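One structure is given here, and the rest of the page talks about it.
From a predicted model like this one, the values you see are computed outputs, not experimental measurements. A note on names: the letters A, B, ... follow the listed sequences, proteins ahead of strands, and every chain is numbered from 1.
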2 protein chains.
Amino acid sequence: MADKERRTRAFEEVLLQIERRIEDDGLRVGDRLPGERNLAEELQVSRSSVREALRVLETLGVVSSQAGRGPDAGAILTSRPDSALSDLLRLSLGMSSLSTREVIGTRLMIERWSAETAARRTGAAARPGSVTPIEMDALDAATRAMEAATRGMDAAESAAEFVRHDIAFHVAIAEASGNRLVAAVMRALRDAMRRHAIDAVERLGDTTALREDHRRIHAAILAGDAPAAVEAVSAHLAHAYPEHF
Amino acid sequence: MADKERRTRAFEEVLLQIERRIEDDGLRVGDRLPGERNLAEELQVSRSSVREALRVLETLGVVSSQAGRGPDAGAILTSRPDSALSDLLRLSLGMSSLSTREVIGTRLMIERWSAETAARRTGAAARPGSVTPIEMDALDAATRAMEAATRGMDAAESAAEFVRHDIAFHVAIAEASGNRLVAAVMRALRDAMRRHAIDAVERLGDTTALREDHRRIHAAILAGDAPAAVEAVSAHLAHAYPEHF
DNA sequence: CACCAGAGTATGGTCTGACCATACTGAGGC
DNA sequence: GCCTCAGTATGGTCAGACCATACTCTGGTG
């Protein structure tokens, strides 16, 4: 750089400058930021520093980068910097204050849909090659998770251990739906689920009914019986959280 | 790299691997992560990619980097990675590769449930004080967003503008369900929705039917008619994405 | 032995320049 | 007019270098 100092803190400076620039230029959601190379020259830092700053802004949901050329390439402003942190962070920070009702409600929504969709897909797989290898993998994973949960929980095993396999099973079913977005959401909710599930299992004491539910869900999906799958999922959550039904 | 491909997505992969490593190695707050150079070699990526991942973890408060040497230098774990957060993060990063089918499927799942639940709650509000002020606020917000979308889209307004209000409307309904988790997920999906919604609106050209759908959804929820609300939501998405129904 | 100064070194921070993958642009040929 | 294909701008990644920092170790000195 031209000056003698300021070799460190370049990244921080860049982050600040980019945000100020968004503010000053009055950029609106959807607008395009200058390219990485231009920004680097403009701010008198290396492209590496610019990239680190942009990557951070990307994970914060402020910009969204896309390679290629044309009006949709480059870093697109997807949210104002001030409100940026919120969406993702608010969720994770506030996660601990969620009520069991909210978590169960969400699980019901996602898992009934997942089981239904997964069953429909396996059902349709009889004719065309409808179920891709990926989803077969997910079903295999579900089988394994189910067996792991069954094998372990004889008596002494901890509730936490059972819940781990339990959650793996339910995530696998979401993956078997063939919708990566739903699966990702389900994975994102793992921690919230775990907290409440451990409580529930400890209160129940016995997991026999829950394991039996797993088998019914699994069987219904493999058989392509969507209504039975939905019913089995509902019953499962009702067994685990009877006070909410 | 040893392999032929996988030149892209290195950063995402690294983020995942580092988090898994923290998990698997049972690192505790205060422990030290391997150096950037070691991580790079271990994960078979360049130091740049490792740095981007670490920088992200740093801004998320998971690690804290310090130059120099000794036990306090390097990347120190300052907080367990809330896997919920990072999964959601990865979700927003990888969102661009999602198909319209996946986004629509997810929207159908969330929005039908939200509308149904919101309607049930307003319906039940006749007797006890069931609908909290928060949810009334959400309904008001939905009303405003709906009106904004109606007012604007005379002719010349951009599809992007309409979609902004459209999404605000749908998020408000998720909030009206009274389940903060579902609402948070819906907010997190805004970006993914926006991309596909803009395409759809531009293809349609006319938003009359969509605005009429909004009114029906809104009215059904206010009337506490859950089946009608679900039906209206389904119809709305079918109008916007006829090719997926 | 106790202490301190200086060389050695490991680490993060930054820079440079290169190549790849992607996706639009536009000139040329049919 | 339409299509093909080279050109080019962009983000993504890589490799290697140097700097700044701060600990560690060595060796001399009292």
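Which of C:dC15, C:dT11, D:dG11 sits closest to the side chain of B:Arg32 comes down to C:dT11. Of the candidates C:dT14, D:dG11, C:dA10, the closest approach to any side-chain atom of A:Ala67 belongs to D:dG11.
B:Phe11 has its CZ atom 8 Å from the P atom of D:dT13, to the nearest Å. Here D:dG12 presents its P atom at 13 Å from CG of A:Leu39, a figure rounded to the nearest Å. B:Arg47 has its CZ atom 6 Å from the C1' atom of C:dG12, to the nearest Å. If you take CD1 of A:Ile76 and C1' of C:dC24, they are 14 Å apart, rounded to a whole angstrom. Counting to the nearest Å, the C1' atom of C:dA10 and the CG atom of B:Asn38 are 10 Å from each other. Remark: P of C:dA21 and CD of A:Gln66 are 18 Å apart, rounded to the nearest angstrom. Following rounding to the nearest Å, A:Gln44 (CD) and C:dC15 (C1') show an atom-to-atom distance of 12 Å. Rounded to an integer number of Å, the gap from B:Glu13 CD to D:dT13 P is 11 Å.
For CD of B:Gln66, the number of neighbouring non-hydrogen atoms (other residues, nucleotides, ligands) closer than 6.0 Å is 12 at most.
Relative orientation of the B:His170 and B:His214 rings is perpendicular, given thresholds of 30° and 60° on the angle between their planes.
Residue-to-nucleotide contacts include a donor-acceptor pair under 3.5 Å from the side chain of A:Arg69 to the base of D:dT8. Side-chain N/O atoms of A:Arg51 and base N/O atoms of D:dG11 include no donor-acceptor pair closer than 3.5 Å.
Inspection of the B:Ser234 and B:Arg112 side chains reveals an N or O donor paired with an N or O acceptor under 3.5 Å.
Mapping B:Ser65 and A:Ser48 onto DNA chain C by nearest heavy atom places B:Ser65 closer to the 5' end of the strand.
A salt bridge links B:Asp25 with B:Arg21: at least one charged nitrogen is closer than 4.0 Å to a carboxylate oxygen. At a threshold of 4.0 Å, the pair B:Arg215-B:Glu212 counts as salt-bridged, since one of the basic side-chain nitrogens sits closer than that to a carboxylate oxygen.
Using a 4.0 Å heavy-atom criterion, one finds that A:Ser49 contacts the sugar-phosphate atoms exclusively.
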